[in-house]
Amino acid sequence: MTEENNTDADFPEVRDFIRDQIRSDLDDGRGEKVVTRFPPEPNGYLHIGHAKSICLNFGIASEFAGRCNLRFDDTNPAKEDQEFIDAIREDVSWLGFDWDGDVKYASDNFEQLYVWAEHLIEADKAFVDDLTAEEMREYRGTLTEPGKNSPHRDRGVDENLDLFRRMRAGEFEDGARVLRAKIDMASGNINLRDPVLYRIVRASHPRTGDNWCIYPTYDFAHGQTDAIEGVTHSLCTLEFEDHRPLYDWLIENLPVPSYPKQYEYSRLNMTYTVLSKRRLMQLVEEGHVAGWDDPRMPTISGLRRRGVPAASIRDFISRLAISKSEGTVEAAMLEHCIREPLNDSALRRMAVLRPLKVVIENYPEGQTEDVEATNNPRDEAAGTRSVPFSREIYIERDDFMEDPPKKFFRLGPGREVRLRAAYFITCTDVIKDDAGEVVELRCTYDPETRGGDAPDGRKVKGTLHWVSASHAVDAEVRLYSPLFVVENPGATADFLSTLNPASLEVLKDCKLEPELANVAGGQVVQFERLGYFCTDPDGSADTPIFNRTLGLRDSYAKVMAKG
RNA sequence: UGGGGCGUAGCCAAGUGGUAAGGCAACGGGUUUUGAUCCCGUGAUCCCUGGUUCGAUCCCAGGCGCCCCAGCCA
């Protein structure tokens with residue numbers, strides 16, 4: 001963030017085991033400045049789980065007056081793409097963070113990493129192996145049995161150097177040889193059983209093109225790149241905990257310019273979605289969603305398109321706390337963080353999603369009047385607006401029941417309700433089509449109730465939203481529900497079988513109050529009684545398309561569910 | 001008898017020797033021209049069993065449960 005550092009008592013310091021560690025490092029005089037980095041691999045779009053890492057790394061840099069790099073971990077050209085680099089940059093910026101200086105890439109250091117690889121060979125701490133992938137797996141042993149040394153492990157330094165240089169020169173086929181660290185094939189930690197440092201991959205790299213045919217592995221690139229960038233605290237998720245001894249081994253055995261330390265915390269899991277790039281990729285590639293930015297996706301771009309404010313994501317992450325215990329956060333937590341700022345800021349508007357025509361029989365034909373409606377009851381400064389009212393209006397089909405139960409506060413035959421900011425109306429007649437479906441309501445209004453209050457003090461239980469038929473703007477509205485029907489789809493053998501078939505509902509015949517024709521892209525408004533909505537780029541000036549960001553809390557639905 | 005982690009309310013968690021913060025959810029109640037918002041209220045023998053101690057969620061020992069690692073992915 002570009003905000004001031006939180007030295008003020010108004011900003012209680014954030015506490016977790018990583019920040020505590022940093023404080024103690026700073027107190028011990030181990031480095032005077034904190035440097036972190038957010039290191040995505042450009043092989044997919046960022047999702048809400050990455051937001052945790054982004055907020056952590058950039059947040060810490062800001063809190064401790066340090067700096068944070070955006071660094072692409074682009075060491076595997078077979079999977080990476082410029083599209084992802086561009087999307088990731090945009091998402092980090094949109095979330096509200098500024099990286100230090102230029103965007104960094106692990107590939108910026110390919111030459112230096114190569115030199116260090118030779119350094120390791122010269123120190124007899126790395127060797128070129130000719131084993132095939134399958135053979136290597138056999139030699140590696142198992143979780144409970146030690147591995148065996150490769151037959152090529154004792155090649156001389158000169159031969160290794162020669163072979164490695166020829167690997168770089170492109171003399172060998174992909175996969176024919178690798179460079180391995182010489183550590184301990186009997187280690188209980190499999191990452192220390194002579195891990196691969198370089199492999200031959202002939203794939204065009206988004207940054208370095210075809211300059212290289214050998215690429216460093218994550219393990220060889222990450223820590224050393226941290227060291228080059230002066231990263232002091234290299235924060236990553238728990239699955240890398242086992243790699244830390246290797247991370248440290250490389251730092252100790254190479255003439256690196258600084259000594260970064262790795263710390264691990266638990267990754268974010270959330271209910272009713274998946275947060276693995278592999279699965280998200282599958283959803284996109286197999287067409288289960290419309291793309292990485294489909295509003296049902298837990299991606300940053302999907303959330304953005306759905307209308308979720310960046311501040312909501314930051315707030316959500318800030319409520320999570322950093323720990324080492326793995327858990328799954330309920331989606332309701334995120335939803336709360338979405339509603340909170342929107343409730344304060346979103347302008348109230350009226351939109352009828354499933355229209356039912358209402359004719360107000362005692363209202364003069366051809367007459368139109370403007371009623372004044374509050375833009376935001378939470379913010380008087382938001383003012384009011386005029387909404388046209390006339391003899392024929394639309395109300396929500398759900399707001400009428402021919403034979404309503406006792407707890408139904410809305411319209412029914414003979415019942416009186418309030419039309420928000422307008423008048424009380426009473427249903428006098430129900431018109432049906434041949435199939436018996438209600439197609440129109442006949443009502444009367446009480447002219448004395450203009451504005452929504454009765455001079456005689458009588459009360460109504462229900463207030464309905466409405467739109468004047470002749471003034472209505474036609475629109476498409478897309479309602480989104482969770483993508484999956486089970487809390488933890490990732491735990492299912494075939495997670496696709498748990499996809500929610502009703503995750504997207506498209507309503508084409510929606511009626512909006514005229515003011516809704518002027519909603520700017522990126523602006524979120526509240527459709528009263530329904531939820532928060534924003535325009536979708538698929539829409540046009542003629543027929544806007546609105547995405548439902550999130551529904552309002554609905555305690556009536558709970559009452560109904562209970563019966 | 002592989003290695004590395006984690007176990008505090010439905011969920012996320014703070015506390016780490018003095019007798020259990022906070023948020024989300026849920027459930028009551030009040031206000032209300034959004035059944036929204038807002039306001040008030042309600043929840044824990046801290047995985048188990050021993051031990052040390054005046055006293056243990058916190059220390060020690062032994063269990064149990066869950067997660068990660070056998071890619072030339074990150």
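Please read all numbers here as calculations on a predicted model, not as lab measurements. Convention: sequence-line order gives letters A, B, ...; per-chain numbering from 1.
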Taking only the P atom of each, what is the distance from G50(B) to G23(B) in whole angstrom? 36 Å
In residues 417-424 of chain A, which residues come under 4.0 Å of RNA chain B by heavy atom? Arg418(A), Arg420(A), Ala421(A)
Provide, to the nearest angstrom, the distance between the CZ atom belonging to Phe316(A) and the C1' atom belonging to A25(B). 13 Å
Quick one: is C24(B) close enough that its OP1 or OP2 comes under 4.0 Å of any side-chain N or O from His336(A)? yes
Nucleotide G71(B), atom C1' - distance to CZ of Arg180(A) in whole Å: 13 Å
Residues two or more places apart in sequence or in another chain: which of them pass ring-ring contact (aromatic ring centres under 6.0 Å, His included) with Phe389(A)? Tyr363(A), Tyr423(A), Trp466(A)
Fill in the dot-bracket string of RNA chain B, one character per base: . for unpaired, | for a pair to another strand, ( ) or [ ] for pairs within the strand, taking Watson-Crick or G-U pairs under 3.5 Å. .(((((((.[[[..)..(...]]].(((((.......)))))....[[[[[..)....]]]]])))))).....
G35(B), U37(B), U34(B): which one has an atom nearest the side-chain heavy atoms of Asn343(A)? U37(B)
Heavy-atom protein contacts under 4.0 Å, nucleotides 9-15 of chain B, coded B base, S sugar-phosphate only, - none: -BSSS--
Could you give the distance separating C60(B) and C72(B) at their P atoms, to the nearest angstrom? 38 Å
When the C1' atoms of G43(B) and U8(B) are considered, how many whole Å apart are they? 14 Å
Between CD1 of Ile338(A) and P of U37(B) the distance, given in whole Å, is 15 Å
Charged N to carboxylate O under 4.0 angstrom, Arg153(A) versus Asp194(A)? yes
Report the glycosidic orientation of G18(B): syn if within 90° of 0, anti in every other case. anti
Has the side chain of Arg410(A) got a donor or acceptor that lies under 3.5 Å from a partner of the other kind on the base of G35(B)? yes
Rounded distance in Å - CD1 (Ile317(A)) to P (C24(B)): 16 Å
Ring center gap for Tyr247(A) and Phe240(A) short of 6.0 angstrom: no
Determine the interatomic distance between P on C47(B) and the same-named atom on A14(B); round to the nearest Å. 14 Å
Interatomic distance, Leu464(A) CG vs A36(B) C1' [rounded to whole Å]: 15 Å
Taking any heavy-atom pair under 4.0 Å as a contact, classify Arg244(A): base, sugar-phosphate, or nothing. nothing
Run the ring-centre check on Phe164(A) versus Tyr114(A) and record whether the distance is less than 6.0 Å. yes
Could you tell me how far C64(B) sits from U1(B) if I compare only their P atoms? Round to whole Å. 11 Å
Asp91(A): what forms a side chain to side chain donor-acceptor pair (under 3.5 Å) with it, not counting sequence neighbours? Arg304(A)
Could you write out each protein N or O paired with an N or O of nucleotides 72-74 of chain B at a distance under 3.5 Å?
from: C72(B); atom 1: OP1; to: Arg140(A); atom 2: NH2; distance (Å): 3.3
from: C72(B); atom 1: OP2; to: Arg140(A); atom 2: NH1; distance (Å): 3.3
from: C72(B); atom 1: N3; to: Gly175(A); atom 2: O; distance (Å): 3.0
from: C72(B); atom 1: N4; to: Leu131(A); atom 2: O; distance (Å): 2.9
from: C72(B); atom 1: N4; to: Ala133(A); atom 2: N; distance (Å): 3.3
from: C72(B); atom 1: N4; to: Gly175(A); atom 2: O; distance (Å): 2.8
from: C73(B); atom 1: OP2; to: Arg199(A); atom 2: NE; distance (Å): 3.1
from: C73(B); atom 1: OP2; to: Arg199(A); atom 2: NH2; distance (Å): 3.0
from: C73(B); atom 1: O3'; to: Arg199(A); atom 2: NH2; distance (Å): 3.1
from: C73(B); atom 1: O2'; to: Asn76(A); atom 2: ND2; distance (Å): 3.1
from: A74(B); atom 1: OP1; to: Thr75(A); atom 2: OG1; distance (Å): 2.7
from: A74(B); atom 1: OP1; to: Arg199(A); atom 2: NH1; distance (Å): 3.3
from: A74(B); atom 1: OP1; to: Arg199(A); atom 2: NH2; distance (Å): 2.7
from: A74(B); atom 1: OP2; to: Tyr218(A); atom 2: N; distance (Å): 2.9
from: A74(B); atom 1: O3'; to: Asp73(A); atom 2: OD2; distance (Å): 3.4
from: A74(B); atom 1: N6; to: His243(A); atom 2: NE2; distance (Å): 3.1

Closest-nucleotide mapping onto RNA chain B: is Asn376(A) or Thr142(A) further toward the 5' terminus? I mean the 5' end. Asn376(A)
With rounding to whole Å, what would you report as the distance between C67(B) and U49(B) at their P atoms? 23 Å
Could you tell me if the ring centre of Tyr218(A) sits under 6.0 Å from that of His222(A)? yes
Tyr265(A) ring center within less than 6.0 Å of Phe17(A) ring center: no
Base, sugar-phosphate or nothing for Glu241(A)? Non-hydrogen atoms, less than 4.0 Å. sugar-phosphate
Is there a side-chain contact (heavy atoms from CB on, under 4.5 Å) between Leu179(A) and Ile121(A) once you walk through the steps? CA-CA 9 Å; Leu179(A) 180 73; Ile121(A) 292 169; 3.7 Å; yes
Return all side-chain donor-acceptor pairs below 3.5 angstrom for residues 267-274 of chain A, not counting sequence neighbours, or 'none' if the list is empty.
from: Arg267(A); atom 1: NH1; to: Glu239(A); atom 2: OE2; distance (Å): 2.7
from: Asn269(A); atom 1: ND2; to: Gly327(A); atom 2: O; distance (Å): 3.1
from: Thr271(A); atom 1: OG1; to: Ala331(A); atom 2: N; distance (Å): 2.8

Basic-acidic side-chain contact under 4.0 Å: Asp446(A), Arg458(A): yes
Quantified in whole Å, what is the P atom distance between nucleotide G62(B) and nucleotide C24(B)? 42 Å
Using a 4.0 Å heavy-atom cut-off across all strands, classify Phe408(A) as base, sugar-phosphate, or nothing. base
So Glu264(A), base contact, sugar-phosphate only, or nothing? Heavy-atom distance under 4.0 Å. nothing
For Lys52(A), the side chain to side chain donor-acceptor pair (under 3.5 Å) test, sequence neighbours excluded, returns none
Results of salt bridge (Lys or Arg N to Asp or Glu O under 4.0 Å) for Lys79(A) - residues two or more places apart only: none
Base, sugar-phosphate, or nothing: which does Pro377(A) touch, judged by heavy atoms less than 4.0 Å apart? base
Separation of the P atoms in G10(B) and G63(B), to the nearest angstrom: 29 Å
Are the ring centres of His336(A) and Phe316(A) closer than 6.0 Å? no
Which part of the nucleic acid, if any, lies within reach of Lys277(A) when heavy atoms closer than 4.0 Å are counted: base, sugar-phosphate only, or nothing? nothing
Within this structure, what is the OH-to-P distance between Tyr215(A) and G71(B), rounded to whole angstrom? 23 Å
Excluding sequence neighbours, so at least two apart, what forms salt bridge (Lys or Arg N to Asp or Glu O under 4.0 Å) with Arg319(A)? Asp315(A), Glu340(A)
Whole-Å gap separating P (A26(B)) and CG (Asp554(A)): 11 Å
Within the modelled atom types, does a donor on one side and an acceptor on the other bring the side chain of Arg378(A) and the base of U37(B) under 3.5 Å apart? no
Name all residues meeting the salt bridge (Lys or Arg N to Asp or Glu O under 4.0 Å) criterion together with Glu448(A); count only those two or more places apart in sequence or in a different chain, and write none if there are none. none
Which whole-number value in Å describes the distance from Leu143(A) CG to A70(B) P? 8 Å
Under the salt bridge (Lys or Arg N to Asp or Glu O under 4.0 Å) test, residues paired with Asp398(A) that sit two or more places apart: none
